[in-house]
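What follows is a single structure, written as structure tokens, with notes after it.
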Amino acid sequence: MPINVSAARRSAAPLAAAALVLGLLPALPASALPASALPASAAPAPVDLDALFVGAHPDDESGTLSTLGQWNEDHGVRAGVVTVTRGEGGGNAVGPEEGPALGLLRESEERAAVGKAGVREVFNLDDVDFYYTVSAPLTDQVWGGDTLEKVVRVVRQTRPEIILTMDPAPTPGNHGNHQEAARLAIAAFYAAADPKAFPDQIKKEGLRPFAPARLFTSGARGTGQAGPSCSSTYKPNNPAQNVFGVWSGRTSPSRGRTWAAVEREAQRTYASQGWAGFPDVPSDPAQLGCDFFTQVDARVPFPEPGSPAAAAPTNILDGALTRAEGGVPLGTRFALRTGEFDVRPGAAFTVEAEVSAPPKEELGRSKVALRVPDGWQVSGSGDLGRLRAGRSGKAAFKVTPPAQAAPGRVRLAAALTTERGGGYTDRQVEVSPPVRAAQQPLPQVAQYEKWTAEVGVPQLGGIVPSVLTLPSGGGREVGVVVTNVSGETRSGTVRLDLPDGFTAEQTEAPFEDLAAGESTTVPFKVTNSDPSLKTSNEGGDYAYTITTTIDGGGSTTARPALELVPATTVPQAETAPAVDGAEGDGEYTGDPIDISRLWEGSACTSAADCSGTARVAWHGDTLYLLVHVKDDVLGTPLAASDCKRHWRTDAVEVTLDPRGTSENTSTTFKTAVLPVTAEGPPCFLRDADNRQGPGEETAPGMKVASTTGDGEYTVELSIPMEVLPGAVDPGHLGLNILVYDSDTQDKTGQTRIGWSTWGGVQGDPYRWGVATLPGYQPPADRPTTPPDPVIPDTALSSLDSPQTLEQAVRVHVPPAGAPAASPAARVLTASAGRDAVRVRLQAGGPGKAHLFVRDAEGTAGSKVVTVSRKGVTTVTVPVTRAPGKGANVLAGWEDRGGGTAASSVTVR
């Protein structure tokens, strides 16, 4: 799907308003900065990091700061953070800054927050932060094709042994930007070690392949308890998975508080996101839990699950940065590889163990023992011989599961013994029956499963619950995908055992002559026969059983779910309702819609605190809605000019998916109405949809009105259906009505209620309710295909961030994840005058220089100049005040090929 995104994803010019914002972070003293950046041929080595967190926005790392702080204080671990965007698409609870200026603010918040955990390096990649979406594919299209290359470059430059990232799976509500950042980090773990990946980084930039030791996603799926035993008592849903916890209740000796308290203080730094008011964590350490991390892969030995080392605070560091008692020397590599991930009962497969001794230390006589589940057979010798320094050894095993092995994930473990200590590693495999069946996946889930196969992380597949939605009282086709994973043609039957309240035209159907390795979809028409069943998050998940029986014997089962979403019929109004914020006689004849269900945030304390009903009608080619909300405390009245980011205060949101088939909100219509503004009248906007912006511009012809009373307000709106992105299907219009409730005056919301309610539902069109419009027919010439979406495409350039430039000078890593500029440029001298600073810049060729005069108070002046030729250029940088003692000039440089560099010089 084409995306309307400018090729220039970063603001190329300095921001006049941003020059003032730049003072948010005081300049580093001149003594902390080198006099200038050196030519690439003589440049110092980049900073060598121990750990690297990869996230999408500032604050994504905030849940790991307890762990990063402990590592830094106790073991001197130097960690950094990669932030793909600066979060310009988020809200701002502290001021009017938007776009690049907000990016500067959020970067400043992030640097201050991570600094409380001893983290100094934040690498911004300058990609666009657009609206909230749960779509990784849309994120990938907007960010473009060079983001993985930038992540790999940073990994090769900084050489971290441990990579931490987010959840890559499209679980409901998981931000699509978070998913994509995690997928980039996981792909980079492998690509950075591969000399064939981005070879120009090696051939032209002088970087070397680098293989990080361990890879983790933050968070875990399972159950546990708080307190110091939180790590050892955690039970992952997948018992073959390795989950490590670092307890946040330990006290920091230097800070005199628990690390959970330090982390909370850091989180409050994100004031622009409304986090300044986060409550204190419990003072009793026994009530504090772990930061959990799920291991994706490891190239080194790591603590065996269930061992004391696996519960120790160093569990993630062991093998990579710390040496456990009795463990092999650091630098030892130990990994398992299997010939296949899907293994079959009774069928042998190969497992290979490879061990490499550290470059300067031998392991001596070494052996690997393979551990398999009871009843499995293993053959092969694990003898590796004598492993001298820098040498490797391999051991191959033949493994055969029993013929009656139960389907599911299994851990294959290997123990290493050497003359210098021992080690442990493992690998997951999936025991698969000859034929397996699953409810058809949602498109984003199918895309995710394809990604896991392409990147080579099948252990991350199969973790998203299999669900399909259908409207209350309605029906849909449910496909069961049958896959033959055996080596011969198979036939059989598929049977559905549906829960009470659901029926099917047939509950059993055959599949015939399915070739080895092939899949087929067996269709079933399923109907919700009991419309009284609960919908949405009040109990709308209905699990059922799929049983697949194979001719000749054998059967398997799967447990997917059907999710009920609410449904309504929208009647035709005899005359067009008057959009006046009040319900006139006969205007809305349909049943009222209850929009009081909680979907996110704090529960309403009472119906008076927050509750509501909605009425819907259509007339001609226009949709009408009247929404009545009970709200005893109104949130911050925003100025009409600030009619955006409606989640900061009280608002009503209406979402429409014209055909009911959208995969993400870029092909939908989403509008929000603020019932009051600082000036009084309501305002409206479009957000996170096919075309965002002020309502008058993006939804011409739409009208809104509101009335307010004691503890209540009413919003009425008319939406011409011609402004929707495509003709409405009168038999299946996706509809949701959501209420944002704020009871504070600090531009933060606390509660969200609505009609079709699930976590993250504002970004999940498939979970919206379904409306039918009997009698309505769209104009015959109205297209059913949505137009290309308009996506925000302005992000701050790292060259316009003094904070980033100061870091680039200090750690010798070019800004923005870009290659080092060639030819480069550097500032030679800077001399202060009355109203300006005179700067001499030496350039190796054409490019653009971003110059900032900085002192302890922040930015005193800035200027961007284009340099057309090689040589020394003199630039006069105007200043708004006299630079203070120790002032310096920072220069960011970009050559014509996109390479970057940074330098600095003291102002004389």
Side-chain angles (χ1 to χ4, degrees), residues 136-137 148 163 165-171 174 179-180 182-191 193-194 197 212 214-217 220-221 236-243 294-299 302 335-345 347-354 370 372-373 376 397 399 401 405-414 425-466 481-487 516-519 556 558:
L148 176 59
I163 291 182
T165 190
M166 311 187 78
D167 181 2
T171 48
N174 189 16
Q179 297 174 45
E180 185 63 16
R183 297 182 196 185
L184 292 167
I186 292 167
F189 177 84
Y190 301 102
D194 182 0
R214 299 179 70 181
L215 171 65
F216 298 86
T217 57
R221 293 170 172 84
N237 293 341
N238 171 10
Q241 208 168 45
N242 295 314
V243 175
T294 301
Q295 184 166 277
V296 178
D297 207 346
R299 296 182 169 107
F302 55 87
L336 280 184
R337 286 185 289 270
T338 61
E340 49 200 303
F341 178 73
D342 287 311
V343 300
R344 297 190 301 279
F349 62 96
T350 59
V351 177
E352 184 179 82
E354 182 172 8
L370 192 64
V372 296
W376 290 46
F397 302 91
V399 179
R409 295 285 172 90
V410 170
R411 173 187 283 133
L412 305 179
T425 192
D426 60 34
R427 181 69 59 177
Q428 293 183 51
V429 294
E430 175 101 20
V431 179
S432 298
V435 174
R436 64 183 178 211
Q439 180 176 270
Q440 68 187 76
L442 294 165
Q444 288 186 26
V445 176
Q447 187 271 343
Y448 170 71
E449 297 294 339
K450 180 181 178 182
W451 172 84
T452 64
E454 291 172 346
V455 177
V457 286
Q459 67 272 27
L460 292 180
I463 61 178
V464 181
S466 181
V481 180
V482 181
T483 302
N484 182 359
V485 296
S486 74
E518 296 297 316
S519 297
T556 62

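We count residues from 1, following the sequence as given.
Of the possible donor and acceptor atoms, one in the side chain of E449 sits under 3.5 Å from a partner among the backbone N and O of G462. For R221 (side chain) and P236 (main-chain N/O), no donor-acceptor pair under 3.5 Å exists by modelled atom type.
Here the side chains of L412 and P373 are in contact, with some heavy-atom distance below 4.5 Å. When side chains are defined from C-beta on, R427 does not count as touching V351, because their heavy atoms never get closer than 4.5 Å.
Looking at L215, V455, L184, V296 one by one, the single match for side chain to side chain contact (heavy atoms under 4.5 Å, CB included) with F189 turns out to be L215. Between N242 and the choices T294, T425, D297, D426, the side chain to side chain contact (heavy atoms under 4.5 Å, CB included) rule is met once, by D426.
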### Task
Start with the C-alpha distance between Q428 and N238, add both sets of side-chain angles, then the distance that settles side-chain contact (heavy atoms from CB on, under 4.5 Å), and finish with yes or no.
CA-CA 10 Å; Q428 293 183 51; N238 171 10; 3.0 Å; yes
### Step-by-step side-chain contact (heavy atoms from CB on, under 4.5 Å) determination, L460 to I186
CA-CA 11 Å; L460 292 180; I186 292 167; 3.7 Å; yes
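Here the shortest heavy-atom pairing between P401 and A347 reads CD-O, 3.2 Å. Minimum heavy-atom separation, V372 to W376: CG2-CB, 3.5 Å. Minimum heavy-atom separation, R409 to G461: NH2-O, 2.6 Å. Counting all heavy atoms, side chain and backbone alike, P441 lies closest to A446 at CG-CB, 3.8 Å. In terms of heavy-atom proximity, V482 sits nearest to A437 at CG2-CB, 4.1 Å. Closest of all the heavy-atom pairs between A169 and N174 is O-ND2, 2.8 Å.
Q179 CD to Q447 CD: the interatomic distance, rounded to the nearest 0.5 Å, is 8.5 Å. Taken to the nearest 0.5 Å, the CZ atom of F302 stands 6.5 Å off from the CZ atom of R214. The CD1 atom of I463 sits 7.5 Å away from atom OG1 of T217, with the distance rounded to the nearest 0.5 Å. Note that CZ of R436 is 11.5 Å distant from OG of S486, once rounded to the nearest 0.5 Å. In this structure, the separation between CZ on R411 and CD on Q241 is 9.0 Å, given to the nearest 0.5 Å.
Under a cutoff of 6.0 Å and an axis angle of 45°, R183 and Y448 do not form a cation-pi pair.
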